[in-house]
Amino acid sequence: MTPRKSWAPYLFLTPAVTLFALFLALPIGYTGYLSLRRTKVSGLGLGKGSKREIFVGLDNYAAAIGDGELWTGWLRVLGYGLLVLVVMLGLALVFALMLDAARVRLARFSRIAIFLPFAVPGVAASLMWGFLYLPSVSPISEVFGVAPLSQSAVVYSMANVAVWGGTGFNMLVLYTNLRAVPQDLYQAARIDGASELQIALRVKIPILAPAIILVTVFSIIATIQVFTEPTTLRPFTNTISSTWSPLMKIYRDAFVTGDLYSAAATAVVIAGISLVLSFGFLRVVKNRAFGET
């Protein structure tokens, strides 16, 4: 007798599948559709039928790839991302190791204090730092003698906002993985004469390798999509252009100049580059982190 097929699992999956289709799959498909089309204007563009949407194939992609502003923005984001990734993940790892040390005081307070900035919305955090960066009220300018929003320092100022907000989340991921490790492993290392520093370098960090890879991939994707910090800080200074990052260029093309088709093609190009960078990084490190070839 064959077991009766149950529809219960599909019913439980229905809300998630519906939301995925409506708010992720459908917008992605529509973006791909727009990226292959363009508005053709006949005559003076007046009257019914003077503007119509036509299929242009890969012309929008060719224009997006050949746009110098896009690649200039990419260079800025790569420099910004390298700075953010190194500092943010380095601090997250150091904090996680310190909180997991054998003797640590005020561990609960420290965890909350380090994680708390992540709970602040990105726009609010950027505005808060933006007012701190203003020359007229900034203590940073007086103490360090540097204008945080100047041409030479604005990248570091934006990176500071990202590091301040993202370190806590990555620390919590790494710390949670450390707490799942049996304490007997550390006790065995101590019996063998290993110091806390040696345990951290030779035991904990190798165990954390998969988690470090995970947070690095997430951080790469988030860095490529940087938008909140430069957009929010832009009214405070004239050193941040409207195309400072690729996503800012997409926003300008779509909602300022009204060229949805070019913006859609650029969005698809950025998504493709994000996939290449993320999976390329996984390809390079997966053998060491996950034991795969």
Side-chain angles (χ1 to χ4, degrees), residues 5-40 51-67 69-71 73-74 77-78 81 85 118 121-123 162 165-166 169-170 173 210-211 213-232 243 245-286 289-290 292:
K5 187 175 182 179
S6 175
W7 292 98
Y10 301 99
L11 292 176
F12 284 116
L13 285 173
T14 298
V17 172
T18 302
L19 291 174
F20 175 83
L22 289 178
F23 297 104
L24 190 62
L26 186 60
I28 290 175
Y30 187 60
T31 301
Y33 169 81
L34 288 178
S35 68
L36 301 174
R37 308 183 74 81
R38 180 163 289 280
T39 299
K40 182 178 180 180
K51 296 181 180 180
R52 57 192 181 91
E53 193 177 84
I54 61 171
F55 177 79
V56 294
L58 300 178
D59 289 354
N60 291 330
Y61 290 98
I65 294 173
D67 192 338
E69 284 188 330
L70 175 64
W71 301 112
W74 269 111
V77 169
L78 287 177
L85 289 176
F118 177 74
V123 174
F169 171 78
N170 294 300
V173 173
I213 301 304
L214 177 68
V215 296
T216 301
V217 172
F218 288 161
S219 299
I220 289 174
I221 296 173
T223 302
I224 291 173
Q225 299 175 356
V226 59
F227 178 80
T228 302
E229 290 84 358
T231 302
T232 307
T243 59
S245 73
L247 283 192
M248 291 178 69
K249 182 182 184 306
I250 292 175
Y251 179 87
R252 188 203 64 177
D253 292 346
F255 302 109
V256 178
T257 63
D259 191 355
L260 290 174
Y261 308 99
S262 177
T266 307
V268 174
V269 170
I270 292 175
I273 294 175
S274 302
L275 288 174
V276 170
L277 291 177
S278 302
F279 284 102
F281 176 76
L282 284 176
R283 181 74 177 177
V284 171
V285 302
K286 72 176 182 179
F290 304 105
E292 299 179 8

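Residues take their numbers from the sequence shown, with the count starting at 1.
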Query raised in the report: Got more than 12 heavy atoms from elsewhere within 6.0 Å of CZ, F281?
Result: yes
Query raised in the report: Should I224 and S274 count as side-chain neighbours, where that means a heavy-atom distance under 4.5 Å?
Result: yes
Query raised in the report: V226 versus L247: any side-chain heavy-atom pair under 4.5 Å?
Result: no
Query - Worked verdict on L36 versus V56 for side chain to side chain contact (heavy atoms under 4.5 Å, CB included) - result: CA-CA 6 Å; L36 301 174; V56 294; 5.7 Å; no
Requested in this report: Locate the shortest heavy-atom distance separating A264 from L34; write the atom from each residue and the value.
Outcome: CB-CB, 3.8 Å
Query raised in the report: Looking only at heavy atoms, which two atoms of A64 and L70 are closest? And how far apart?
Result: O-CD2, 3.4 Å
Query raised in the report: Does the side chain of N170 reach to within under 4.5 Å of the side chain of S219, using non-hydrogen atoms?
Result: yes
Query raised in the report: If every non-hydrogen atom of R37 is compared with every non-hydrogen atom of F55, which pair is closest and at what distance?
Result: NH1-CB, 4.0 Å
Report summary line: Nearest heavy-atom contact between P27 and A21 is CD-O, 4.3 Å
Query - Stepwise side chain to side chain contact (heavy atoms under 4.5 Å, CB included) check, D253 with Y261 - result: CA-CA 9 Å; D253 292 346; Y261 308 99; over 6 Å; no
Report task. Compare all side-chain heavy atoms of E229 with those of S245 and state whether any distance is below 4.5 angstrom. Result -> no
**Report entry** Reported OG-to-NZ distance for the pair S262 and K249, which is rounded to 0.5 angstrom
**Finding:** 5.0 Å
Query raised in the report: Parallel, tilted or perpendicular: which describes the rings of W7 and Y10, with under 30° parallel and over 60° perpendicular?
Result: tilted
Report task. Answer yes or no: is there a donor N or O on one side and an acceptor on the other, between the side chain of N60 and the main chain of S35, under 3.5 Å? Result -> yes
Query raised in the report: Quick one: CG on L13 to CZ on F20, what's the gap to the nearest 0.5 Å?
Result: 12.5 Å
Query raised in the report: How about I270 and Q225: do any of their side-chain heavy atoms sit closer than 4.5 Å?
Result: no
Requested in this report: Indicate the atoms forming the closest heavy-atom contact of Y61 with G32, along with that distance.
Outcome: OH-O, 4.5 Å
Query raised in the report: Can you tell me how far CD1 of I221 sits from CG of L277, rounded to the nearest 0.5 angstrom?
Result: 10.0 Å
Report task. Would you indicate whether F227, at its atom CZ, is surrounded by more than 12 heavy atoms from other residues, nucleotides or ligands within a distance under 6.0 Å? Result -> yes
Report task. Report yes or no: does W71 contribute a side-chain atom to a donor-acceptor pair with the main-chain N or O of I65 at less than 3.5 Å? Result -> yes
**Report entry** pair V173-F218: side-chain heavy atoms closer than 4.5 Å
**Finding:** no
**Report entry** T243 vs M248 side-chain heavy atoms within contact, under 4.5 Å
**Finding:** no
**Report entry** Separation between CZ of F23 and OG1 of T18, rounded to the nearest 0.5 Å
**Finding:** 10.0 Å
